[in-house]
There are 2 protein chains.
Amino acid sequence: MALNVGELCLGVLTMSDATGYEIKKLFEEGHFSHFIAASYGSIYPALQSLMKQELVTCRQESQEKRPDKKIYSITPEGRNAFQRALNKDLAPDTFRSESLFVMMFAHLMPLAQVSKLIDGRLAFFDQAIALFGSDECSSEEDGLLANSNWERSGADYARGLGLAVYTAEAAYLRANRHMLEALAIQPSSEAAE
Amino acid sequence: MALNVGELCLGVLTMSDATGYEIKKLFEEGHFSHFIAASYGSIYPALQSLMKQELVTCRQESQEKRPDKKIYSITPEGRNAFQRALNKDLAPDTFRSESLFVMMFAHLMPLAQVSKLIDGRLAFFDQAIALFGSDECSSEEDGLLANSNWERSGADYARGLGLAVYTAEAAYLRANRHMLEALAIQPSSEAAE
DNA sequence: GGTTGCATGTAAATGGTTACATGATTGT
DNA sequence: ACAATCATGTAACCATTTACATGCAACC
């Protein structure tokens, strides 16, 4: 239960052939980056294991001065396996935020630290919002996964959701940062109540 | 870098004495539940290790027919250690959502499955919203952590944020579910485009 | 009679990530 | 010069989770 890295890769491969390197990029910068993660150390072995199970095939593309590109394609059995995986009990969504945890202890931090933390988060939100809102994301660099209808829809859905969530979060933080900052240890008034 | 379970426990203990059991409950149901997680298998050993480092003390409370309660208290050194920890490089927030990933593949799923998935998420959001919005959360069962000023503020902050985020997410999903459902494999029309 | 809540704890398994090794190319 | 991008891969390490062991009380 819960999807493993191999299944995540299969999902990507239902959309388009890809190398391990490209899959990683998709996880960390592409459509999936805000809710899925995996490292090379798990992707490459997973791809090898998918090969053994014949859920993917691989064609090698020689490049002059780089390692051969291994371009993986999903097989019909792979598609079936993936569709079965979509039926599995999914791991519940998890959100882990040490920043938020730390903010619960604003009263133990100097004001400067609290403000810095808030500014950092705000910067992150704004950057994400800018990215989601821009066409750079909607029109995409037409490389991997920027064609057919469904994926546009799927990607748009995720993008819109990200936009909605980050916008809400940023607005909330902007509206309430004063509260957090008021709790912090104020400079040059060491006698907290 | 990045907070470990011991530091999370220290944080809880700055607020109030607690047993391992209570800390776990706080992580899974209490104020921290939506952005922090840890299991008994990590909490109990962490508490033991904090004891060895003398960052916490422990008083044992005998109970007739249950294991002794071990109530931990943070020491001054523990407070220092925690304040130092608040300065560490924090792990970036992570959001992991297999549901969202799966929804990107709505076009590979029967409509019923997609709808079920959506309903499940909506139910989850609504439940969370109800919880955050209710006084059950604001007035709290006055047990652990329901007194002094700061924690009210910290908790209120987290609560408001949760409310804002889940509300945005639920609204977005409600507004866009038709899109996802339109992508799904429609019943009794097996000839997809 | 079965599940949930209270309460602590440990050992094994897990499923990763981190860090390394390799190496040319392009940009700063 | 130095970093980043491209590209693959492995092995050691790791912090947790999972599952188990124990056991009574209360609820349904």
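All heavy atoms count here, side chains included; hydrogens, waters and symmetry mates do not. Order of the sequence lines sets the chain letters (A, B, ...), proteins ahead of strands, with each chain counted from 1.
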Without decimals, in angstroms, what is the distance between [X] [atom1] and [N] [atom2]?
| X | N | atom1 | atom2 | answer |
| --- | --- | --- | --- | --- |
| B:Glu61 | C:dT8 | CD | C1' | 15 Å |
| A:Lys69 | C:dA24 | NZ | P | 19 Å |
| B:Tyr21 | C:dG5 | OH | P | 7 Å |
| B:Ile23 | C:dA7 | CD1 | P | 13 Å |
| A:Leu47 | C:dG16 | CG | P | 14 Å |
| B:Glu98 | C:dG15 | CD | P | 12 Å |

Exercise for the section: Measure centre to centre between the rings of A:Phe32 and B:Phe101, then say whether the value is under 6.0 Å. Expected result: yes

How close do [X] and [Y] get, heavy atom to heavy atom, and via which atoms?
| X | Y | answer |
| --- | --- | --- |
| A:Glu98 | B:Ala91 | OE1-N, 3.0 Å |
| A:Leu173 | B:Tyr157 | CD1-OH, 3.0 Å |
| A:Glu181 | A:Leu111 | O-CD1, 3.4 Å |
| A:Arg121 | A:Ser97 | NH1-OG, 3.9 Å |
| B:Val114 | B:Ala106 | CG2-O, 3.9 Å |

Is the shortest side-chain heavy-atom distance between [X] and [Y] below 4.5 Å?
| X | Y | result |
| --- | --- | --- |
| A:Leu26 | A:His31 | no |
| A:Leu47 | A:Lys70 | no |
| B:Leu180 | B:Leu117 | no |
| B:Asn80 | B:Arg84 | yes |
| B:Met103 | B:Ile118 | yes |
| B:Glu61 | B:Thr19 | no |
| B:Arg177 | B:Leu122 | yes |

Fill in the blank from the handout: By side chain to side chain contact (heavy atoms under 4.5 Å, CB included), A:Tyr44 pairs with (sequence neighbours left out) A:Tyr21, A:Tyr40

Handout entry: Which residue lies more 5' along DNA chain D, comparing B:Leu3 with A:Asp68 via nearest heavy atoms
Key = A:Asp68

Heteroatom pairs (N/O) under 3.5 angstrom, protein to nucleotides 26-28 of chain C:
none

Practice task
Walking along DNA chain D from 5' to 3', note the first and the last nucleotide with an atom under 4.0 Å from a heavy atom of chain A, and give both.
Solution key: D:dT5 to D:dT10

Are there any protein N/O atoms within less than 3.5 Å of an N/O atom in nucleotides 10-12 of chain C, and if so, which ones and at what distance?
residue, atom, partner, partner atom, Å
C:dT10, OP2, B:Gln48, OE1, 3.4
C:dT10, OP2, B:Gln48, NE2, 3.3

Completion exercise
In short, the helix from C:dG1-D:dC28 to C:dT28-D:dA1 is bent end to end, axes from five pairs each side, to 10°, by 50°

Handout entry: Aromatic ring pairing A:Phe132/A:Tyr166, orientation class (parallel under 30°, perpendicular over 60°, tilted between)
Key = parallel

Practice task
Verify the contact: side-chain N or O of B:Thr19 to OP1 or OP2 of C:dT8, cut-off strictly under 4.0 Å; return yes or no.
Solution key: yes

Handout entry: Members of residues 89-96 of chain A that approach DNA chain D, where some heavy atom sits under 4.0 Å away
Key = none

Handout entry: Candidate list A:Leu86, A:Leu3, A:Leu55, test side chain to side chain contact (heavy atoms under 4.5 Å, CB included), partner A:Leu10, passing option
Key = A:Leu55

